[in-house]
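Every number for a ligand or one of its atoms is a count from 1 in the order of the listing. The figures that follow rest on heavy atoms only: side chains count, while hydrogens, waters and symmetry mates do not.
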Amino acid sequence: MCGIVGYIGKADAPTVLLNGLRRLEYRGYDSAGIAVLDDDRIVISRAAGKVAVLSDRVRAEWPAERFARVTTGVAHTRWATHGPPTEVNAHPHLDRSGDIALVHNGIIENYRSLRSRLESNGHRFHSETDTEVLAHLIGECDRGDFFQAVCDALHQVVGTFGIAVLSAREPEKIITARRGSPIVIGIGAGETIIASDAAAILAHTQRVIYLDDDDIAIVTAEGVEIRDLHNIPVTREITELGYDAAAAEKGGHEHFMLKEIHEQPDALANAIRGRLDFNLGSAVLAGMGTSARELADLQRVVLLGCGTSMHAGLVGEYAFEDLADIHAEVQQAAEFRYRNPILGSRDLVIAISQSGETADTLAAVREANQKGAFVMSLCNVVGSTIARETGRGVYLHAGPEISVASTKAFTCQVAVLLMMALKLGRGRRFSREEGIRFAREIEQLPALVGKVLRQNARIAEIAWEYAFNEHAFFIGRGPMYPVALEGALKLKEISYIHAEGYHAAELKHGPIALLQQGTPVIAIACDVPGKDKTLGNIEECCARGAKVLGLVTERDHETAERMHDFITIPRCHPLVATIPAVVALQLFSYHVARLRGCEIDQPRNLAKSVTVE
Ligand code: G6P
């Protein structure tokens with residue numbers, strides 16, 4: 001949520017900054033801005049709208065020779081929290097003197113009281129943002145030592161921040177700091193880049209440092225010096241990123257979402273690689289950091305997440321109960337700390353988050369830690385806050401996910417949860433042979449997903465039939481119930497069709513009142529327990545004129561014939577089938593949204609990483 005970039009080093013810094021913003025645009029895309037040092041003066045440009053608008057403005061307004069010689073600057077792409085997405089609210093914000101420029105990701109919770117205090121000292125504000133208050137506060141604290149001024153200001157702040165600050169009075173450095181919002185620093189040859197996410201750094205270097213909360217760093221072209229907010233030096237190790245810039249490119253696809261859908265066989269292969277033990281019939285997940293005795297002693301699994309990640313948790317709930325005979329439940333992470341979660345040391349809490357930065361999931365992790373539960377995470381972004389705070393867990397290794405609508409992260413989350421359930425199951429219920437059989441099913445996942453992807457052209461064809469309705473219902477039972485929820489979420493996120501997911505049995509308890517002639521119902525009617533009952537529910541929909549698109553198991557001609565349209569799902573274990581089934585729904589949503597001319601990778605009002613409550 002909001003992307004920040006800072007650069008110091010070689011000439012043509014504005015190009016580096018604008019390219020970096022483009023990479024981070026998935027974090028927010030309602031307005032953008034840039035501030036650079038030119039002849040030791042701060043020059044700023046901001047625009048409402050996407051980064052492309054800012055980029056055109058900068059190139060039109062800044063003389064090319066000035067543009068080329070600039071070596072230092074900061075930039076921002078915004079997802080509005082305080083004040084609408086106007087030019088005046090866009091970052092960077094300046095202090096009173098105009099010599100300090102700040103970009104910020106996060107929320108300054110006490111900005112109102114800070115603002116009134118500053119106003120009584122004569123400060124005048126131009127925007128409605130919390131960020132402008134912090135810029136003025138840093139200016140107010142500056143008594144000739146820029147670093148100390150940022151430290152002193154941050155001591156007065158309540159809330160979260162990832163910041164990068166420039167001062168015209170000390171042009172040879174950028175100060176960056178974090179609390180709750182990510183900051184990664186790329187160490188290049190004669191250049192250093194600051195960003196909210198490594199995606200903005202990839203084109204320059206593989207060597208990065210992740211700041212911890214309350215770290216504050218002095219960044220120069222030669223490198224970085226990190227201290228804590230009390231000015232005590234701290235050491236943070238350099239990590240190699242391990243993936244190249246191509247991973248964050250569209251690679252010939254029309255959209256990142258389509259690319260990421262098609263990457264799923266590889267992403268799943270990466271998530272599974274080296275983690276199945278066919279000898280023991282179990283899974284090897286060293287990051288869980290649990291002994292067999294601890295696993296055997298667990299009494300409950302609690303899965304936490306938001307959005308798509310919560311839906312993955314719902315599939316996990318079925319997997320833990322079916323495979324490991326252990327009570328499992330999903331809790332919506334935003335609600336978790338506001339109720340009284342009953343947790344103890346025999347409860348395993350798994351926080352699921354693609355980004356590892358979702359504020360609500362992070363807060364839930366902290367609550368679970370307080371209650372003394374066994375907490376671990378399932379994240380995609382290596383080194384993310386949730387991954388680091390839990391200290392143990394399993395990475396997805398799905399590669400960067402750029403499209404705001406999550407696809408490959410979901411399927412890899414489910415794959416890892418199936419492996420976790422297998423591991424627990426082997427200690428509690430499964431024989432070696434049963435374990436081996438299930439491990440073989442998981443191993444097939446890349447091929448199973450490949451079979452669905454090969455129906456892409458057919459699914460695109462089917463989409464025509466459903467693209468111009470304004471409502472849609474998704475129904476399923478058992479582990480396909482969360483798949484129905486995820487299918488509906490995907491469709492509404494990117495096509496803006498009003499879509500709802502229901503347990504197939506629930507439709508007749510109310511929503512069926514909304515069915516009319518031609519209302520689309522997307523029914524997951526594969527071979528899972530309760531399929532016959534779902535077929536009965538489909539009949540109920542057809543009797544009221546609904547148009548049914550069914551997901552049916554391959555070669556189940558009898559079921560297929562009862563649908564208006566169908567997509568086939570390969571025959572496999574019902575829990576494993578959730579993954580190819582969701583891939584079919586991802587493709588369906590994608591093609592519907594494309595036919596409707598929607599902004600698929602950056603849907604309106606959304607952001608990929610939600611770092612506010
Ligand atoms: C946002 C995104 C969703 C995502 C959710 C949780 O709402 O738009 O796609 O599922 O956050 O994100 P996380 O990074 O925690 O999985």
(message) Any heavy atom of A607 closer to ligand 1 than 4.0 angstrom?
(response) yes

(request) May I ask you to decide whether D212 forms a salt bridge with R178, counting only side-chain N to carboxylate O separations under 4.0 Å? (result) no

(message) When you measure from the heavy atoms of A405 to every atom of ligand 1, does any distance fall below 4.0 Å?
(response) no

(message) Check this for me, if you would: do E493 and K490 make a salt bridge, where the nitrogen-to-carboxylate-oxygen distance has to be below 4.0 angstrom?
(response) yes

(message) Check the orientation of H91 and H76. Use parallel for under 30°, tilted for 30 to 60°, and perpendicular for over 60°.
(response) parallel

(message) Could you tell me, atom by atom, which parts of ligand 1 come under 4.0 Å of a heavy atom of K608?
(response) 1 (C), 2 (C), 11 (O)

(message) At less than 4.0 angstrom from any non-hydrogen atom of T358, what atoms of ligand 1 do you find?
(response) 6 (C), 12 (O), 13 (P), 14 (O), 15 (O)

(message) I need the atoms of ligand 1 closer than 4.0 Å to a non-hydrogen atom of S353, numbered in the order shown.
(response) 13 (P), 14 (O), 15 (O), 16 (O)

(message) Using a 4.0 Å cut-off to any heavy atom of V610, which atoms of ligand 1 qualify?
(response) 1 (C), 7 (O)

(request) Could you tell me the residue and atom name of the protein heavy atom closest to atom 14 (O) of ligand 1, and the distance to it rounded to 0.1 Å? (result) S355 OG, 2.6 Å

(request) Answer yes or no: is there an ion pair linking E335 with R339, defined by an N-O contact shorter than 4.0 Å? (result) no

(request) Kindly indicate whether the side chain of L424, heavy atoms from C-beta on, has any atom under 4.5 Å from the side chain of L323. (result) no

(request) Around atom 3 (C) of ligand 1, find the nearest protein heavy atom and jot down its residue, atom name and distance. (result) E493 OE2, 4.3 Å

(request) Report yes or no: does L606 have a heavy atom closer than 4.0 Å to ligand 1? (result) no

(request) State, without any angle test, whether N270 and K408 hold a side-chain donor-acceptor pair at a distance under 3.5 Å. (result) no

(request) Enumerate the atoms of ligand 1 whose separation from the nearest heavy atom of C306 is less than 4.0 angstrom. (result) 5 (C), 6 (C), 10 (O)

(request) Could you list the atoms of ligand 1 found under 4.0 angstrom from a heavy atom of S309? (result) 10 (O), 13 (P), 16 (O)

(message) What I want to find out is whether K608 reaches E401 closely enough, with some N-O distance under 4.0 Å, to be called a salt bridge.
(response) yes

(request) Can you label the angle between the H262 ring and the H253 ring as parallel, tilted or perpendicular, going by 30° and 60°? (result) parallel

(request) Run the numbers for me: atoms of ligand 1, each under 4.0 Å from some heavy atom of T308, listed by number. (result) 10 (O)

(request) For the pair K50 and E599, find out whether any cationic side-chain nitrogen is under 4.0 Å from an anionic carboxylate oxygen. (result) yes

(request) Give the residue, atom name and distance (to 0.1 Å) of the protein heavy atom nearest atom 9 (O) of ligand 1. (result) V404 O, 3.4 Å

